[in-house]
Amino acid sequence: SDYNSDKRPRASDEAQHRPAGTLSTRRQLYERNFPLYKQPVEVGFFSLDSRRNFFNDQRQLRYYVEPRKSPDFNLRDGYTSRFVKRDDGVKEKLDHVLKWILANRGKIQTRDQTSSSSCALGVDFVTWRGHLTKVLTTPYETQEGWMLAASKFRGTIYISEVETEAARANRLTRSERQEEMMYWGYKFEQYTCADVADGTPDPGGVVNTNEAFCTVVQTRLADHKLLFSGEVDCRVKDSDGPPAPGCYVELKTSAEICTPKQRSNFHRYKLLKWWAQSFLPGVPQIVAGFRDHDGIVVSIETFQTSKISHLIKNEINCWKPTVCMNFCNDFLSFVKSVVKEDNPRLVYLFEWDPHRDVAYTVHRDSPFTFLPEWYVKDTRS
Ligand code: 0WD
Ligand code: CA
């Protein structure tokens, strides 16, 4: 297993010397031993319903139903008639995670007595899993940059994404084909998930992308204590299986692979993103539906997250999990070294564009402020 339960700090975990102000993303700098990454522990979960309302329970958790040997899934079915799409112009920032924290403060594990008895959370970072996925893949990303806003409040640094100008432009100019293909992933979920443990999928129902089940996990990367939440597609149904997150299954769709070039691209680009996303919260398996140009699923394959890095070792110039994790470790150290003032209205904006270093700017009482009044007022009780 790539997870490490060794609690001793190692020489490779220590921050390198670097000039203050920026952080390099050059791969060669991060080719060190794999850093300590503790097995993630689920400390809670929440659900978002068809109207995007928060519920402090697992009502949206679904159960994986293994498809027949040759499935006849048509991912285009229902796109125009049975589809309710979430408004992706609404930026929810960390709000749902913060709601979970307010409702579940007692469930956060603190080994440190002083923090459990005071108002501090006892973790260094709170964020979405998806934001960490972007950090992990940064040394290999050549297309899309990112902006991550960070604020310190009662000793914890909160990290929330800000949409880049380029991402906004993409979102507003998606072609009809792109819009439809975004639906295909959700349709695949509907073909493979049941609402109850002994149920069967209902491909005749409505696909509503407002609905979500999210796990909340705690873990540690070197000396960074992390609490983050990620959306989970479903779980295996055997009740005697491993506890969460070990029972969770990530569902994916991808274009069928017909040529060596397509296989190489799949290994080099797509498996990197799939690995990073599922490794972070400890989701052990990924079920992929490979579809043709017309949205028909032609085959289904299960990937063990822990075996993905072995699968790709034959690719020349391929990505390495250790580079991803060491970069993330150093990025979080960099954020800690920059985000010094404890003030929820102060935002340090970390920005990265491909082929550049990570840089930051500081914004006081600006539109980037993301920790809401209701959170900074109420968290003491
Ligand atoms: O406000 C924002 N800037 C964002 C909010 C950006 C990214 C996510 N979110 C929120 C949403 O509330 C969503 O419910 O995060 C939740 C998912 O968080 P995550 O697990 O940290 O995100 P990620 O790992 O990027 O995506 C997981 C799944 C995706 O599945 P695939 O198989 O495509 O990776 O969450 C879905 C999508 O199904 N998803 C989203 N759902 C709603 N809003 C979003 C989004 N912006 N992005 C991905
Ligand atoms: Ca998915």
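Atom set for the values below is all heavy atoms of this structure, side chains included, hydrogens, waters and symmetry mates excluded.
Taking a 6.0 Å sphere around CZ of R263, one finds it holds 12 or fewer heavy atoms contributed by other residues, nucleotides or ligands. Taking a 6.0 Å sphere around CG of D57, one finds it holds more than 12 heavy atoms contributed by other residues, nucleotides or ligands. Other residues, nucleotides and ligands place no more than 12 heavy atoms under 6.0 Å from the NZ atom of K307. Other residues, nucleotides and ligands place no more than 12 heavy atoms under 6.0 Å from the CD atom of Q143. Within 6.0 Å of CD in Q28 there are more than 12 heavy atoms belonging to other residues, nucleotides or ligands. More than 12 heavy atoms of other residues, nucleotides or ligands shown are found within 6.0 angstrom of CZ on R52. Other residues, nucleotides and ligands contribute only 12 or fewer heavy atoms inside 6.0 Å of the CZ atom of R168. The 12-atom threshold is exceeded at CZ of R177, counting heavy atoms of other residues, nucleotides or ligands nearer than 6.0 Å.
Between D365 and R345 a salt bridge is recorded (basic side-chain N to carboxylate O distance below 4.0 Å). Using a 4.0 Å cut-off between a side-chain N of Lys or Arg and a carboxylate O of Asp or Glu, K91 and D88 do not qualify as a salt bridge. The pair R32-D330 meets the salt-bridge criterion, since a charged nitrogen lies less than 4.0 angstrom from a carboxylate oxygen. The residues K187 and E180 are annotated as not salt-bridged, no charged nitrogen and carboxylate oxygen being separated by less than 4.0 angstrom. Comment: E31 engages K320 in a salt bridge, judged by a side-chain N to carboxylate O separation of less than 4.0 angstrom. The residues K273 and E141 are annotated as salt-bridged, a charged nitrogen and a carboxylate oxygen being separated by less than 4.0 angstrom. A salt bridge does not link E211 with R51: every distance from a Lys NZ or Arg NE/NH1/NH2 to an Asp or Glu carboxylate oxygen is 4.0 Å or more.
Checking W146 against T138 by side-chain atom types alone, a donor-acceptor pair falls below 3.5 Å. Side-chain contact annotation: E42 with T215, donor-acceptor N/O pair under 3.5 Å present. Between the side chains of Q218 and K107, no donor N or O sits under 3.5 Å from an acceptor N or O. The closest side-chain donor-acceptor pair between K134 and H131, if any, does not fall under 3.5 angstrom. Side-chain contact annotation: D49 with N210, donor-acceptor N/O pair under 3.5 Å absent. Residues T361 and H363 bring a donor and an acceptor atom of their side chains to less than 3.5 Å of each other. T219 and Q39 share no donor-acceptor pair across their side chains, judged by distance under 3.5 Å alone. T25 and H355 share no donor-acceptor pair across their side chains, judged by distance under 3.5 Å alone. No hydrogens or angles considered: a donor-acceptor pair under 3.5 Å links the side chains of Y375 and Y158.
Under the 4.5 Å side-chain heavy-atom criterion for Ile, Leu, Val, Met, Phe, Trp and Tyr, V297 and I257 are members of distinct hydrophobic clusters. Transitive grouping of hydrophobic side chains (ILVMFWY, heavy atoms separated by less than 4.5 Å) keeps F213 and Y64 in distinct clusters. No continuous path of ILVMFWY side-chain contacts below 4.5 Å connects V249 to I308, so the two sit in separate hydrophobic clusters. L311 and V323 fall within a single hydrophobic cluster, where Ile, Leu, Val, Met, Phe, Trp and Tyr side chains are chained together by heavy-atom contacts under 4.5 Å. No continuous path of hydrophobic side-chain contacts links I286 to V236 [ILVMFWY only; heavy atoms under 4.5 Å].
Side-chain contact between Y248 and L61: present, with at least one pair of heavy atoms (C-beta onward) separated by less than 4.5 Å. With a 4.5 Å cut-off on side-chain heavy atoms, C193 and P201 do not count as touching.
Closest approach of A103 to N56, counting heavy atoms only: CB-ND2, 3.8 Å. In terms of heavy-atom proximity, M147 sits nearest to E351 at SD-OE1, 3.5 Å. For the residue pair V283 and E250, the shortest heavy atom distance occurs at CG1-N, 3.9 Å. Residues V287 and I300 approach most closely at CG1-CG2, 3.8 Å, considering heavy atoms. Residues V43 and Q109 approach most closely at CG1-NE2, 4.2 Å, considering heavy atoms.
The aromatic ring centres of W184 and F73 sit 6.0 Å or more apart. Ring to ring, Y269 and Y140 are not that close: their centroids are 6.0 angstrom or more apart. Aromatic ring centres of F125 and F228 lie farther apart than the 6.0 Å criterion allows.
The distance from the OG1 atom of T137 to the CD atom of E144 is 9.5 Å, given to the nearest 0.5 Å. Of the inter-residue distances, the one linking K38 atom NZ with R220 atom CZ reads 5.5 Å to the nearest 0.5 angstrom. Annotation: the span from L332 atom CG to I157 atom CD1 amounts to 8.5 Å, rounded to 0.5 Å. With rounding to the nearest 0.5 Å, the separation of CG in D195 from CD in Q60 is 8.0 Å. To the nearest 0.5 Å, atoms CH2 (W275) and OG1 (T133) are separated by 9.5 Å. Interatomic distance, K252 NZ to E301 CD, rounded to the nearest 0.5 Å: 15.0 Å.
The main-chain N or O of G295 is found under 3.5 Å from a side-chain atom of D292 such that the two form a donor-acceptor pair. A donor-acceptor pair is defined here as one N or O able to donate and one able to accept, closer than 3.5 Å; no such pair exists between the side chain of D357 and the backbone of T22. Counting only distance, with no hydrogens or angles, the side chain of S151 and the backbone of L346 share a donor-acceptor pair below 3.5 Å. A distance-only check finds a donor-acceptor pair linking the side chain of N74 to the backbone of R76 [under 3.5 Å]. Between the side chain of N104 and the main chain of W100, a donor-acceptor pair closer than 3.5 Å is present. At distances below 3.5 Å, not a single donor-acceptor pair connects side-chain atoms of R291 with backbone N or O atoms of L75. Between the side chain of S229 and the backbone N or O of V216 there is no donor-acceptor pair closer than 3.5 Å. The backbone N or O of D72 sits nowhere less than 3.5 Å from a side-chain atom of Y191 that would complete a donor-acceptor pair.
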- Would K313 and C318 count as a side chain to side chain contact (heavy atoms under 4.5 Å, CB included) if you check the C-alpha gap in whole Å, the side-chain angles of each, and the deciding distance to 0.1 Å? CA-CA 7 Å; K313 274 183 183 143; C318 208; over 6 Å; no
- Would you sort out whether Q285 and T305 count as a side chain to side chain donor-acceptor pair (under 3.5 Å), showing the intermediate values? CA-CA 5 Å; Q285 49 179 339; T305 307; over 6 Å; no
- Mind running side chain to side chain contact (heavy atoms under 4.5 Å, CB included) on V126 and F153 for me, showing each step along the way? CA-CA 11 Å; V126 167; F153 174 57; over 6 Å; no
- Task: Apply side chain to side chain contact (heavy atoms under 4.5 Å, CB included) to the pair R105 and L121, showing each step before the final yes or no.
- Result: CA-CA 8 Å; R105 286 189 46 87; L121 285 183; 3.1 Å; yes
- Task: Apply ring-ring contact (aromatic ring centres under 6.0 Å, His included) to F55 and F46, showing your working.
- Result: CA-CA 6 Å; F55 291 89; F46 58 87; over 10 Å; no
- Taking it one step at a time, do F279 and W274 satisfy ring-ring contact (aromatic ring centres under 6.0 Å, His included)? CA-CA 8 Å; F279 179 76; W274 290 7; over 10 Å; no
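Ring geometry for F327 versus F331: interplanar angle under 30°, hence parallel rather than tilted (30 to 60°).
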